[in-house]
J.: 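Provided herewith is a single structure, encoded as structure tokens, for subsequent inquiry.
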Amino acid sequence: MLLHFAAGDQTAPYGCRLYTASRMWLDSPEAADLPRLLSDLTTVVDDSIARADAAGYRWHPLGPEASLVNGGDMNLPEGAVFLGVSVSTLDSVQGDWYQIAARLGVGQSGFDLRGQGYARLVDGTALHVDRNPHAPVGRRGVRSTKTIEPDRISYYNPDEHLTSEGDERTRQVWQSLKELNDTLTGYLRGRPV
């Protein structure tokens, strides 16, 4: 799971710098059910906020109290703001990690596995990244509910309803990620570090 933040930096492209804090799960029953894992994280966030409010301090997902993450950019510059949350998985349209890994052939490695990522941003944007190492050149692997090409003259977004597409599990991932992002956004929006 990744938490994304940004802070102004005049030396960076576009005048801001992206910061990402992360938490990884090793292979476990907890990690095998992504929608439930995300829902459980939302409960952890709600509980952490309530405990902090009751104790009279401001909780932050980077800690030091009840941190959601354990790697990446753990120290943010003053003024950093929350952008959204994302998650990546080696489960893909080809099957879950175990099924796919079992089918790796001679001369193949983990780099031949597909993977995918889901992201929800504070403005409501949902992004899906399909990491397909064998995709034809030019194949678009990023889909977004809002255009990622804002300079286009005509606007048509075939991915506008991205979060309602796919199988039941995929829709559950989107819903659970939305709930986690909405909870974090509701608490962190307008509260720079």
Side-chain angles (χ1 to χ4, degrees), residues 1-7 18-76 80-93 96-98 115-131 142-146 159-193:
M1 186 249 333
L2 304 166
L3 300 178
H4 305 283
F5 297 86
L18 180 65
Y19 297 88
T20 302
S22 61
R23 180 171 182 170
M24 293 181 64
W25 282 264
L26 299 177
D27 181 26
S28 67
E30 176 186 41
D33 186 351
L34 187 54
R36 182 174 176 184
L37 176 67
L38 294 169
S39 291
D40 289 349
L41 282 174
T42 302
T43 301
V44 168
V45 170
D46 284 332
D47 291 347
S48 297
I49 291 169
R51 276 195 307 278
D53 287 347
Y57 68 90
R58 181 174 163 237
W59 176 79
H60 196 278
L62 302 186
E65 300 290 326
S67 177
L68 281 184
V69 294
N70 56 14
D73 297 315
M74 298 291 290
N75 297 308
L76 300 177
V81 294
F82 180 67
L83 295 180
V85 62
S86 64
V87 64
S88 65
T89 177
L90 290 175
D91 294 344
S92 73
V93 295
D96 68 31
W97 154 248
Y98 297 107
Q116 58 185 334
Y118 302 87
R120 294 300 297 235
L121 305 179
V122 295
D123 70 352
T125 300
L127 295 140
H128 181 256
V129 177
D130 178 17
R131 184 197 161 279
V142 178
R143 299 173 64 202
S144 174
T145 56
K146 295 185 180 176
D159 301 318
E160 182 178 3
H161 303 287
L162 172 66
T163 60
S164 59
E165 298 172 359
D167 62 15
E168 180 63 25
R169 182 184 177 283
T170 300
R171 290 190 304 274
Q172 288 174 347
V173 169
W174 281 120
Q175 182 59 35
S176 296
L177 189 62
K178 179 184 185 309
E179 291 167 6
L180 177 58
N181 186 63
D182 288 352
T183 301
L184 287 166
T185 298
Y187 187 72
L188 296 174
R189 183 173 252 173
R191 295 180 182 196
V193 174

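What you see is a predicted model, and the numbers here were worked out from it, not measured in a lab. Heavy atoms only: backbone and side chains are in, while hydrogens, waters and symmetry mates are out.
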J.: Identify the heavy atoms of Ser144 and Thr125 that sit nearest to each other, and give their distance.
T.: OG-CG2, 3.5 Å

J.: Report the residues that fulfil side chain to side chain donor-acceptor pair (under 3.5 Å) with Asp159, sequence neighbours left out, ordered by chain and then residue number.
T.: Arg140, Arg143

J.: My understanding is that only residues two or more places apart in sequence, or in another chain, count here; which of them pass side chain to side chain donor-acceptor pair (under 3.5 Å) with Thr43?
T.: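 Thr43 satisfies side chain to side chain donor-acceptor pair (under 3.5 Å) with no other residue.
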
J.: Would you mind reporting whether Leu83 and Leu18 have side-chain heavy atoms less than 4.5 Å apart?
T.: yes

J.: Among residues at least two apart in sequence or on other chains, which ones pass side chain to side chain donor-acceptor pair (under 3.5 Å) with Glu30?
T.: Trp25

J.: Working to the nearest 0.5 angstrom, can you tell me the gap between Leu3 CG and Asp73 CG?
T.: 11.0 Å

J.: Distance-only criterion, 3.5 Å: show the donor-acceptor pairs between side-chain atoms of residues 31-41 and protein atoms not counting sequence neighbours.
T.:
unit_1, atom_1, unit_2, atom_2, d
Asp33, OD1, Arg36, N, 3.4
Ser39, OG, Pro35, O, 3.2
Ser39, OG, Ser176, OG, 3.2

J.: Applying side chain to side chain contact (heavy atoms under 4.5 Å, CB included), can you list everything that pairs with Leu2, at least two apart in sequence or on another chain?
T.: His4, Thr20, Ser22, Ser86

J.: Counting neighbours of CE on Met24 that are heavy atoms of other residues, nucleotides or ligands and sit closer than 6.0 Å, is the number greater than 12?
T.: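 Count not over threshold, so no.
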
J.: For Asp182, enumerate each residue passing the salt bridge (charged side-chain N to carboxylate O under 4.0 Å, His left out) test, keeping only those at least two apart in sequence or located in another chain.
T.: Lys178

J.: What pair of heavy atoms forms the shortest contact from Met1 to Val85, and how long is it?
T.: SD-CG2, 3.8 Å

J.: Please name all residues satisfying salt bridge (charged side-chain N to carboxylate O under 4.0 Å, His left out) with Arg23, sequence neighbours left out, ordered by chain then number.
T.: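 So Arg23 forms no salt bridge (charged side-chain N to carboxylate O under 4.0 Å, His left out) with any residue.
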
J.: Please test Arg131 against Ser88 for side chain to side chain contact (heavy atoms under 4.5 Å, CB included), starting from the C-alpha separation and ending with a verdict.
T.: CA-CA 10 Å; Arg131 184 197 161 279; Ser88 65; over 6 Å; no

J.: So do the side chains of Leu121 and Lys146 get within less than 4.5 Å of each other, counting heavy atoms only?
T.: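 Leu121 vs Lys146: side chains apart.
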
J.: Would you name the heavy atoms of His161 and Glu165 that are closest together and state the gap between them?
T.: O-CG, 3.4 Å

J.: Partners of Thr170 by side chain to side chain contact (heavy atoms under 4.5 Å, CB included), sequence neighbours excluded?
T.: Tyr118, Asp167, Trp174

J.: Glu65: which residues meet the side chain to side chain contact (heavy atoms under 4.5 Å, CB included) condition with it, sequence neighbours left out?
T.: Tyr57

J.: With side chain to side chain contact (heavy atoms under 4.5 Å, CB included) as the test, would you mind laying out the steps for Val45 and Tyr187 before giving the verdict?
T.: CA-CA 10 Å; Val45 170; Tyr187 187 72; 6.0 Å; no

J.: Which heavy atom of Ser67 sits nearest to which heavy atom of Pro61, and what is that distance?
T.: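 Ser67 and Pro61 have their closest heavy atoms at OG-O, 3.3 Å.
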
J.: Can you give me the closest heavy-atom contact between Leu62 and Ala21, atom names plus distance?
T.: CD2-CB, 3.4 Å

J.: Taking side chain to side chain contact (heavy atoms under 4.5 Å, CB included) as the definition, give me every residue that meets it alongside Val122, ordered by chain and number, with sequence neighbours left out.
T.: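 Applying side chain to side chain contact (heavy atoms under 4.5 Å, CB included) to Val122 gives Phe82, Thr185, Arg189.
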
